[in-house]
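Reviewing the structure listed below.
Since the structure is predicted, the reported quantities are computational estimates derived from the model, not experimental observations.
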Amino acid sequence: MKAILLATMIAYTGGNIYLFIRSLQLMSGLPMWSKIVFGTLFWVVALALFIAIGARNVDMPEVVARTMFRVGSAWMVFLLYMVLSLVVVDLLRLALPHFNGFYYALGFTLCLLAYGYWNYRHPEVVELNIELEKPLEKPLRVVAVSDIHLGYGTDKKSLQRYVKMINEQQPDVILIGGDLIDNSIKPVREQQMEEELRELNAPMGIYMAMGNHEYISGAEECAAFLAKTPITLLRDSVAMLENGVQIIGRDDRANRRRKPLKQLIGACDKSKPIIVIDHQPYQLEKADSLGVDFQFSGHTHRGQVFPLNLLTDYMFEQSHGYRHWSHAHIYVSSGLSLWGPPFRIGTHSDMAVIEVKGK
């Protein structure tokens, strides 16, 4: 993980230097003061996300923190596609020396980002019908969402829209697969987002497992916030529904002392359906072998944008979507919302609506 982080930082720094140099080439005839102003603005924007994350718990005006986070995160994806486009342009210049395609690259990148933003704003509703090998008196309607990342990126207004989407499905039970909170609990409290979460409606309950971002934001502070809502936080614990279905909520892998899945299943009645919420989709084959009937996970975002989706597809046994293993039915959400850049390119946000039937 440290190697991946280091490689990402090197690539990000190198990409910014490359784009900065290519931009300065267009300003060759302009006065020095304009280049200094441009250079200052360029690097403020390039570093804005890191400043926003580093100062996430600092007392600053909400509009400043939100603007820095949104501009800085959007810049990351702009940089990715702008650099890729300019590399293509530079290769073309080998054959066409007088071709300066900077503005073509800029136009292509902006159009791609406009599509990516539209795509992000229109999540997919994935409808599934699964039949368990255990008896269930009547079908259970489950809405499963993950990775909403409430904070400066996904604000109160966006949450209102998501709550409406969820309630329109009239679920019996709602599962939240972690990373409900983004990088800090501060903006969530300031915007009083518990008001929207209290509007969630599921007669058999709302159950959530911790994600790694709850740990980034402060696990205990997040737990205290969730206590003000109808959400039942399961941290290595089991909830029993009135129809006998058992829901295991695993603590996130960020807690290296979390209980083994085998131990949690040992506390269940294996003759009745077992649902597991585990934020990070690791060791799925093991979960299948232990007798899990249905597992819901998130975390991957499926990379969010191309070509990062190719990386997550390589890293995880199941990076997104539904799969019926030898026994277990497993769904990995790409996330109802996302972290950072508000773009979906080559991937989709999703909400799963699952009709669970018994044998």
Given Asp350 and Arg302, is the salt bridge (Lys or Arg N to Asp or Glu O under 4.0 Å) satisfied, shown in steps? CA-CA 11 Å; Asp350 68 50; Arg302 211 200 163 199; over 6 Å; no
By side chain to side chain donor-acceptor pair (under 3.5 Å), which residues pair with Tyr12, not counting sequence neighbours? none
Report the hydrophobic cluster partners of Tyr115, with the cluster defined as I, L, V, M, F, W, Y residues connected by side-chain heavy atoms closer than 4.5 angstrom, directly or transitively. none
May I ask you to decide if Gln170's main-chain N or O and Asn201's side chain share a donor-acceptor pair within less than 3.5 Å? no
Members sharing Ile36's hydrophobic cluster (side chains within less than 4.5 Å): Met32
In the single-linkage hydrophobic clustering (I, L, V, M, F, W, Y; side-chain heavy atoms under 4.5 Å), do Val145 and Ile275 co-cluster? no
Go through Asp155 and Arg70 one step at a time and tell me if the salt bridge (Lys or Arg N to Asp or Glu O under 4.0 Å) criterion holds. CA-CA 11 Å; Asp155 59 14; Arg70 290 184 173 181; 3.0 Å; yes
Is any side-chain N of the basic residue among Lys359 and Glu131 closer than 4.0 Å to the acidic one's carboxylate O? no
Applying side-chain contact (heavy atoms from CB on, under 4.5 Å) to Tyr117 and Leu113, what does each step give before you reach the verdict? CA-CA 6 Å; Tyr117 180 74; Leu113 295 189; over 6 Å; no
Apply salt bridge (Lys or Arg N to Asp or Glu O under 4.0 Å) to the pair Arg235 and Asp252, showing each step before the final yes or no. CA-CA 8 Å; Arg235 301 181 69 178; Asp252 187 66; over 6 Å; no
Which residues satisfy the ring pair (Phe, Tyr, Trp, His ring centres under 6.0 Å) test with Tyr81, sequence neighbours excluded? none
Supply the members, apart from Ile274, of the Ile/Leu/Val/Met/Phe/Trp/Tyr cluster built from side-chain contacts under 4.5 Å; use none for a lone residue. Val238, Ile248, Leu261, Leu264, Ile265, Val276, Leu290, Val292
To which residues is Leu41 joined in a hydrophobic cluster, defined by side-chain heavy-atom contacts under 4.5 Å among Ile, Leu, Val, Met, Phe, Trp and Tyr, whether direct or through other members? Trp33, Val37
